[in-house]
Amino acid sequence: MADPKGFLTTTEREIARTRPVAERVRDWNEVYVPGSLLPVISKQAGRCMDCGIPFCHNGCPLGNLIPEWNDYAYRGDWEAASERLHATNNFPEFTGRLCPAPCESACVLGINQPAVTIKNVEVTIIDKAWEAGHVTPQPPQRLTGKTVAVIGSGPAGLAAAQQLTRAGHTVAVYERADRVGGLLRYGIPEFKMEKRHLNRRIEQMRVEGTKFRTGVEIGRDIDAKKLRKRYDAVVIAAGATTARDLPVPGRELTGVYQAMEYLPLANKVQEGDLVSSPISAEGKHVVVIGGGDTGADCVGTAHRQGAASVTQLEIMPRPGDSRPGHQPWPTFPMTYKVTSAHEEGGERVYAVSTTHFEGDEEGNVRWLHLVEVEFVDGKLTPTPGTERRIPAELVTLAMGFTGTDRDNGLVEQFGLDLDERGNIARDTEYATSVPGVFAAGDAGRGQSLIVWAIAEGRAAARGVDRFLSGGESSLPYPIRPTDRALAV
């Protein structure tokens, strides 16, 4: 274990320091102070208490060996820590920056103290590993002669592709965008994860033998049935990209956009493709509808573009500051969270519902009308007399996603069965109703977290490997398609 008395002698939880707000809103670099974790991370890792039954394993769908790499980090053995980290996670630099850390909610120490800073330890280990040259390509020792197409280059697709490439199969990843990465590339703002982290992983995969085909949309550019004939197996990891809409009067006004229409353009500016975003918050009153991570990304982006004001709306009541009694340890609690974007300013309004948008004579949105809501007989009901309007010159809809894209023809061309929620149906091996076609990540699970996507990609790779080899595989199987987050 790490420090046997660490959780007794170090009771304070220290996390990465963020740069001053006035400084960071002027650029798009990551918000954290570089190197701020190194002076404190050994003691923080030493708080891991060798609890006997590490519930953090259950909180993490990847089954990360958290006590083991906490021990190595405490001792400063970064190479061994990196080896243990990579044993269960292909991309810890992604999860260490983007995952909401359900492992910390399940930390035993968290019962009566602040939980171990698992996420911060993870990102420190992988950053040190890259710095020291411990992360190297792992090409297969031999090729199987089997070919696999992976549709989608988000975390699930990349994880499946890397696992299958290392197993000796010839893998090609098809991505409809102009660059590899899926939502990691164009959905996550630069200030949350600089794309250099993504780029060096992709380069590692290229050296290992994975092929990438960008600007190709299966269903439109290539018929799905023809793709199936070309490869021995196919993995669909196209995500759940159909955004939930808001069908209220005025939705058609100019200035009302889906979050995934707004965020990618800001990322393209950072990639050097655009001088400025054609959908910019500069000088405008911005309203973000949706209180989740995507909504926070819109808030932070609007700040950096120079918005006149930013208001974030959430239909549910404000969560409490501490774990609710009906969400006991080790479940993931719904508590009030302040992200780095929220630290930068703006207003958060809870328990309100948008009734309609109001525009000017040119068809541009100018006002958003809302009403307060409350639970009545288990249903959210408008409260009479609470109607009001707020200025809105740019509105982003960040209300989640309802399933994989059905407009491009992929589902119909393959002839895939869907489950009752509209996701691609699959069995315990992640196989769909079409022989040789598998589904991983949000395309089969529905909208979820990055850590679940990577776990599904790894597990689906095992199913594909077994299919191609006739029943045997040494690849890991971290989760079943039916597994869900620990909840009550």
Taking the six-membered ring of Tyr477 (Phe, Tyr or Trp), confirm whether the NZ or CZ of Arg462 is under 6.0 Å from its centre and within 45° of its axis. yes
Atom CZ of residue position Arg244 - does it have more than 12 heavy atoms of other residues, nucleotides or ligands inside 6.0 Å? yes
Taking the side chain as C-beta and beyond, is there a heavy-atom pair between Pro100 and Leu449 under 4.5 Å? yes
Please determine if Arg19 forms a cation-pi arrangement with Tyr32, meaning its NZ or CZ atom is less than 6.0 Å from the six-membered ring centre and no more than 45° off the ring axis. no
Do Lys119 side-chain atoms and Thr117 backbone N/O form a donor-acceptor pair below 3.5 Å? no
Salt bridge check, Asp273 against Arg179: does any charged N sit closer than 4.0 Å to a carboxylate O? yes
Count the heavy atoms of every other residue, nucleotide or ligand shown that sit under 6.0 Å from CD of Glu343, and state whether that count exceeds 12. yes
Give a yes or no answer on whether the side chain of Gln44 reaches the backbone of Glu12 with a donor-acceptor pair at less than 3.5 Å. yes
Determine whether Pro249 and Phe357 make a side-chain contact, defined as any pair of heavy atoms from C-beta on separated by less than 4.5 Å. no
A quick test of your reading: do over 12 heavy atoms of other residues, nucleotides or ligands sit less than 6.0 Å from CZ of Arg26? no
Look up atom CG in Leu380 and atom OG in Ser353, then write down how far apart they are to the nearest 0.5 Å. 8.0 Å
So, Asn89 and Thr95: side-chain donor and acceptor under 3.5 Å apart, yes or no? yes
Does a side-chain N-to-carboxylate-O contact under 4.0 Å join Asp321 and Lys337? no
Please work out which of the three classes, parallel, tilted or perpendicular, describes the rings of Phe191 and Trp28, given edges at 30° and 60°. tilted
Residues Glu217 and Arg176 bridged, charged N to O under 4.0 Å: yes
For the salt bridge (Lys or Arg N to Asp or Glu O under 4.0 Å) test, which of Glu30, Glu190, Glu122, Glu194 pairs with Arg97? Glu30
Heavy-atom count check: over 12 atoms from other residues, nucleotides or ligands less than 6.0 Å from Glu252 CD? yes
Quick check: are there more than 12 heavy atoms from other residues, nucleotides or ligands sitting under 6.0 Å from CD1 of Ile15? no
